[in-house]
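Take a look at the structure below.
Just so it is clear, the values below take in all heavy atoms, side chains as well, and ignore hydrogens, waters and symmetry mates.
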Amino acid sequence: MTTVATELVSRLKKLIRSPAPPMDEPCGFCGQRLQTDHRHMLDTTDWKMVCVCEVCAIIHVVQGRYRLVPQRQLFMEALRFPDGRWQEFAVPVSVAFFVNDSRRGGIVAYYPVAAGWMESTMLRMEAWNGLLADNPLLAGMSPDIEAFLVDRLTDPAQHFIVPMDTCFQLIGTIRKNWKGICGGSEVTDAIRGFFVRLKANATVCRS
């Protein structure tokens, strides 16, 4: 029996023995109802997030088109990212995330807007390379499925390495709470609350 098949059987036995958990939305592959804290996979063809059960995660990782999104959330307490360097990134808002996009062959910056997200077309690679030189830990982000998330609404600013589904959750929070043309105070409060919860659940990285 192959390693993958052995792992599949082991997980199936655990699922059978486990008590029934609270159910949320269905698996994007088999339709099984999922736990609230279910995993996600990134469809690398069209960059869509797919909810997934444990069995389908194993099957579709083997096929190669889908990548299982990791779960680590790091709060980068000692990150060196002064205001002057942030200005070099030319991001027009106070929240953004940066992804090593394998389709594009490098770092791409996004920031949330009312309709979802928008790519920052002003990103200069010199700025990113300078940040990377000061903070080598950022080089360890997994392409496509992890992001460097910046929160400059908070004082002092906060910086995280997060799974990509965390960025999707932030975008959903913004879309849900956006009012009018400029968003309003509700969306600002929702964003602050999102980062409070994220920091509370993240592992602190002091290096």
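Of all the heavy atoms in S120 and A90, the pair that sits closest is OG-O, 4.0 Å. P70 and E146 get closest at one heavy-atom pair: CG-CG, 3.5 Å. Smallest separation of non-hydrogen atoms from V69 and P163: CG1-CB, 3.4 Å. Contact detail for C56 and M41: the closest heavy-atom pair is O-SD, 4.3 Å.
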Inset, instruction - Report the C-alpha separation of Y66 and V61 in whole Å, then their side-chain angles, then the decisive distance to 0.1 Å, and conclude whether the side-chain contact (heavy atoms from CB on, under 4.5 Å) test is met. - result: CA-CA 6 Å; Y66 297 89; V61 163; over 6 Å; no
Inset, instruction - Step by step, work out the side-chain contact (heavy atoms from CB on, under 4.5 Å) result for R124 and F89. - result: CA-CA 6 Å; R124 295 168 52 242; F89 282 78; over 6 Å; no
Legend entry - Audit row: E119, R104, side-chain contact (heavy atoms from CB on, under 4.5 Å) steps and yes/no: CA-CA 12 Å; E119 181 181 342; R104 306 278 290 276; 2.6 Å; yes
Inset, instruction - Go through the steps to decide whether R65 and T45 satisfy the test side-chain hydrogen bond (donor to acceptor under 3.5 Å, both in side chains), and finish with yes or no. - result: CA-CA 7 Å; R65 171 177 171 176; T45 301; 3.2 Å; yes
Inset, instruction - Walk me through it: do T203 and Q73 pass the test side-chain hydrogen bond (donor to acceptor under 3.5 Å, both in side chains)? - result: CA-CA 6 Å; T203 300; Q73 296 178 324; over 6 Å; no
Inset, instruction - Start with the C-alpha distance between V95 and V150, add both sets of side-chain angles, then the distance that settles side-chain contact (heavy atoms from CB on, under 4.5 Å), and finish with yes or no. - result: CA-CA 6 Å; V95 175; V150 177; over 6 Å; no
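Atoms CD1 and CG, from I191 and D189 in turn, are 9.5 Å apart once rounded to the nearest 0.5 Å. To the nearest 0.5 Å, atom CG of residue N100 and atom CG of residue D144 are 7.0 Å apart. Residue L137 holds its CG atom at 8.5 Å from CG of L79, rounded to the nearest 0.5 Å. The distance from atom CD1 of I107 to atom CG of N129, rounded to the nearest 0.5 Å, is 9.0 Å. Rounding to the nearest 0.5 Å places NE2 of H40 at 7.0 Å from CE of M49. For the atom pair CZ (F194) and CD1 (I174), the distance works out to 8.5 Å, reported to the nearest 0.5 Å.
Hydrophobic cluster membership differs between W117 and F148, with clusters built from Ile, Leu, Val, Met, Phe, Trp and Tyr side chains linked at under 4.5 angstrom. A continuous path of ILVMFWY side-chain contacts below 4.5 Å connects V162 to L42, so both sit in one hydrophobic cluster. Residues M118 and F97 do not share a hydrophobic cluster, clusters being chains of Ile/Leu/Val/Met/Phe/Trp/Tyr side chains in contact below 4.5 Å. Note on M164: it does not cluster hydrophobically with V113, by side-chain heavy-atom contacts below 4.5 Å among ILVMFWY residues. If you chain together hydrophobic residues whose side chains sit under 4.5 Å apart, L170 and V91 never meet in one group.
W178 places a side-chain N or O within donor-acceptor distance of the main-chain N or O of G180, the cut-off being under 3.5 Å. Formation of a donor-acceptor pair under 3.5 Å by the R39 side chain with backbone atoms of L68 is not found in this model. H38 contributes a side-chain N or O that, together with a main-chain N or O of Q35, makes up a donor-acceptor pair within less than 3.5 Å. Within the 3.5 Å criterion, the main-chain N or O of Q169 finds a donor-acceptor partner in the side chain of T173. Listed for the N135 side chain is a donor-acceptor partner under 3.5 Å among the backbone atoms of R80.
Residues D134 and R85 are in side-chain contact: their nearest non-hydrogen atoms beyond the backbone lie under 4.5 Å apart. In this structure, W47 and V99 have side chains that are in contact, with non-hydrogen atoms separated by less than 4.5 Å. Between C51 and C27, every side-chain heavy-atom pair lies at or beyond the 4.5 Å cut-off. Put simply, the side chain of L138 reaches to within 4.5 Å of the side chain of M76, judged on heavy atoms. Inter-residue side-chain proximity for H159 and L149 is flagged as unmet; no heavy-atom pair is nearer than 4.5 Å. No side-chain heavy atom of E126 sits less than 4.5 Å from a side-chain heavy atom of E88.
Between D83 and R152, at least one side-chain nitrogen of the basic residue sits less than 4.0 Å from a carboxylate oxygen of the acidic one, meeting the salt-bridge criterion. Here R33 does not pair with E25 in a salt bridge; the nearest charged N to carboxylate O distance is not below 4.0 Å.
Applying the ring pair (Phe, Tyr, Trp, His ring centres under 6.0 Å) test to Y111 and every residue at least two apart in sequence or in another chain returns nothing.
Taking the six-membered ring for Trp and the full ring otherwise, the centers of F98 and Y110 sit at least 6.0 Å from each other.
F75 and F160 have tilted rings, their planes meeting at an angle from 30° to 60° on a 0 to 90° scale.
Under the 3.5 Å distance criterion, with hydrogens and angles disregarded, no donor-acceptor pair is assigned to the side chains of R67 and T44.
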